[in-house]
Amino acid sequence: MAEYNPQAVEAKWRDTWDSLGVFNADADPSRPKYYLLEMLPYPSGTLHMGHMRNYTIGDAVARYRRMRGFNVLHPIGWDAFGLPAENAAIKRGTPPRDWTNANIAQMKSVCRRFGFSYDWRREISTCEPEYYRWNQWFFLRMLERGLAYRKRSLVNWCPKCQTVLANEQVVDGCCWQHDDTPVEAKEIEQWFLRITQYADALLDDMVELEGGWPERVLVMQRNWIGKSRGTRVRFPAEGARDSKVQIEVFTTRVDTIFGAAAVILSPAHALLQTLFAGQPNHAKLEEEAARLRARIIRGADLATAEKEGFFTGRFATNPFSGQKVPIWVGNFVLAEYGTGAVMAVPAHDQRDFEFAQKYKIAFPVVIQPVESSPLRVPLKADEMKEAFTDYGRLVNSGAYSGLTSEAAIEKMTADAQTQGIGEAETTYRLKDWGISRQRYWGTPIPVIYCVQCGIVPVPDKELPVRLPENVLLTGQGQSPLANVPAFVNVKCPKCGAPGRRETDTMDTFIDSSWYFFRYTDPHNDRAPFDSALVRYWFPIDQYIGGIEHAILHLIYSRFFCKVMRDLGLVEIREPVRRLFSQGMVLKDSAKMSKSKGNVVGAIDMAEKYGCDTARMYTLFAAPPEKDLEWSEQGIEGCARFLHRVFRLIDRYAQLLRDISPRDSRPTKISAASEKEKILLRKAHQTLRRVTADFEARWHFNTSVALIMELVNTLQDREPLDKHARPEVLKQVLELLTVMLTPIAPHLAEELWEMLGHKESLHAEEWPQYSAELAQEEQVEVVIQINGRVRGRICVDVGLPEEELAERAFADPKIEQLLRGARVVKRVVIPDKLVNVVVAQ
RNA sequence: GCCGGAGUGGCGGAAUGGCAGACGCGGCGGACUCAAAAUCCGUUGGCCGCAAGGCCGUGAAGGUUCGACUCCUUUCUCCGGCACCA
């Protein structure tokens, strides 16, 4: 009797697969392709079971698809640039490249150990010049097309660190390393990508993704883009030195404009100086504005922060009513959205209402609820407790009084256009993508600043602009590259005059925005990829990753794809056909993390139970989209199961080894014994349902459960070969082995060999279930009276309705219960149930 | 506040209009053993009952239906996202 030794079995098949290169895939137009991808991992070092879930799901699907005859592209690589490497360098003095490569080596060995079926020839690492030169190449293409540009913008600045912080490094408004130091808003010059130019395309092309992407991801992206149609209206300002000063406001509710009680500007509004100029207290006003500017806060605090503001001393004219309204500054008006100024309509906007209450600004009601509204009385401004923000009917609005809000918005916008006081406008919440990082460990931005020529792109033939090694990293001050003279000082490629290189590096989201194209042609040194290869492999058939990337990565990637399409590199609009978001792995109801001390190490599991067991438990413990609570006892159950399967097959291996494949094909059911029927039926039913799970439902937990049921059926006091012919037994055990392949691939290979096969299982075709063998002969039909189960009968499958009803009524117990009752109705569902409805 | 998602035994979960609790974990009982581990067998939602059997039960309340975990309405709780976006 052989003993199942997972580690030995796993090492054996890992080596076999490696030496045969069985997971390498090459473009082959004669075969259907399947591009399966898990999101590019960041090489943070050790891998725990939380990381492994993603790959385990992907690998199960990859192996299944391969057996279905698809040419499966299943690559992996490393998101190798980024802050943690730089911070490790600052802390421990290890160069970022060494730290990163050591982590990659470690993670790679874990992935290999788990037997994930990657085509390792296609492995990429984004910190290698062979990769990031194409980041630079794409940047230059965007620069040529005006999609990359420079502008001053606000950043998070930590005065202690003397550096810019990423949004994620701001915790509760303070620096992550100095929790007593509030982050300041500082304006510096940065590079931006004009993603807003693609806002409509990003929105409209989502129809291609519907059905294939989780609805919530699409909703999140729609909200993020935040398209909003409204009207831009100009309010001429009075009294300012420049008499032509106009304040533009953006509103989605132009129908309420007769109710405007003020115009409110953002503290960062460009016109403030102009408005303050010439007023006796202008210094005081400047100071106030500066105070509000400095306290610009982001995130959740914003929504709860007290509304604050002050009167500028100037007035503007409402172009619709001709009324004079005061111009205010308010801390709740966002500089970056719309025009940075709003008209305040306290009666019909809650924020404006609160602002007016606080500063005692009087206002009229200009929208009354329609007759059907639950708000009965006509609204009166001095009695209102909150703003009335619904659509209604206009009052006190001159010629527009009496119109509905809908009609008024349309007419007033059109009138604004003809009178030259405004126009229809669409705004977006989406902003251009700031990609400059004052950091070392990233892709250098390929631009030179020349005193003569200004901004000069690095010529293509000089790419890549290499990141210098051995750079001193302190975490203090400006971009580390600025301190490397050999890097900074260059001749202008245009005129030869002395120039300076750009010393900022790119956001690492650039790296992951197009990496999946590179996988199709990872070693190309003339172009980012060969378009013909992309044409064959794209779109990605299945992308798997965490929900945390629902917005950033998945919008940036879509944006890059659209730019590439405009560059003529690809033909598709969308890179990813189907997206799957797996749930988290929890331990003690918390996400695994070193600081919480609740990590379950991948290698530990492989050593203790074997990675097949770890993979199986990962698939079994919960459906893949839900969070999974890791349980030591749970994984032990899976280990027990795999040992049981091994013993089961080992018991009959000798007997079955020499049965030829021909003999183990589906057997005629009529010739089968009762025991054989039970085995064949269960095996083919399992195959049918497991296949459905892999094809459509993606509920691998039920697949595992079904396979366990099959094994339970095979487990018997009596030896199976007593009542079943070896060829039947062999067929059933082979089906079991094949179904285990995506879940526990090493063990499956071993069992396959034990059953007498010389060829590796990976080349085996996923079998088709036999409907004839799966068919039950008899079914239990439930008999209900008034919807309550009162009896069961066994009948032949497919018994016609009438006969089934007769059988039900003939049942002695039912007959007795129905005696004297008046049957009102009967519902007969063949093979399922009979429900008799009787009058009470 | 707005937009999603979820709520089922002691636990993870199954059942998408037709027998609620598949499968696994844990528990209980037993076999094997000098003993233990491993393995195997049985049992395991609650209540009533010697039993046959009955009643209750999918967060709560209503509704649709012959029949609802499943569909609809209201509501509670938890999780996630967005949040002064004009």
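Chain letters run A, B, ... following the sequence lines, proteins first and then strands; every chain starts at 1.
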B:A22 OP1/OP2 closer than 4.0 Å to side-chain N/O of A:Thr702: no
Residue closer to the 5' end of RNA chain B, A:Ser631 versus A:Gln715 (nearest nucleotide): A:Ser631
Under-4.0 Å side-chain N/O to phosphate OP1/OP2 contact, A:Arg640 with B:G24: no
Touch class at under 4.0 angstrom, heavy-atom based, for A:Val333 against every strand present: base
Partner nucleotide, any strand, of B:A68 [Watson-Crick/G-U, under 3.5 Å]: none
Nucleotide paired to B:C19 in any strand shown, Watson-Crick or G-U, under 3.5 Å: none
With the criterion being N/O to N/O and under 3.5 Å, what pairs connect the protein with nucleotides 8-10 of chain B, and how long is each?
none

side-chain N/O A:Arg222 vs B:G81 OP1/OP2, d < 4.0 Å: no
Sugar-phosphate, base or nothing in reach of A:Arg216, heavy atoms under 4.0 Å: sugar-phosphate
Touch class at under 4.0 angstrom, heavy-atom based, for A:Gly338 against every strand present: nothing
OP1 or OP2 of B:A22 under 4.0 Å from side-chain N/O of A:Arg689: no
Any A:Arg647 side-chain N or O less than 4.0 Å from OP1/OP2 of B:A38: no
Any A:Asn701 side-chain N or O less than 4.0 Å from OP1/OP2 of B:A22: no
Write out a two-atom table: protein N or O, nucleotide N or O from nucleotides 62-72 of chain B, distance below 3.5 Å.
| from | atom 1 | to | atom 2 | distance (Å) |
| --- | --- | --- | --- | --- |
| B:C66 | OP1 | A:Lys825 | NZ | 3.3 |
| B:C66 | O2' | A:Asn835 | ND2 | 3.2 |
| B:C66 | O2 | A:Asn835 | ND2 | 2.5 |

Position toward the 5' end of RNA chain B (nearest nucleotide), A:Gly226 or A:Glu215: A:Glu215
Who pairs with B:C32 - Watson-Crick or G-U, where each distance is under 3.5 Å: none
Protein and nucleotides 77-79 of chain B: nitrogen or oxygen contacts under 3.5 angstrom:
none

Sugar-phosphate only, base, or nothing, as touched by A:Arg790 at under 4.0 Å among non-hydrogen atoms: sugar-phosphate
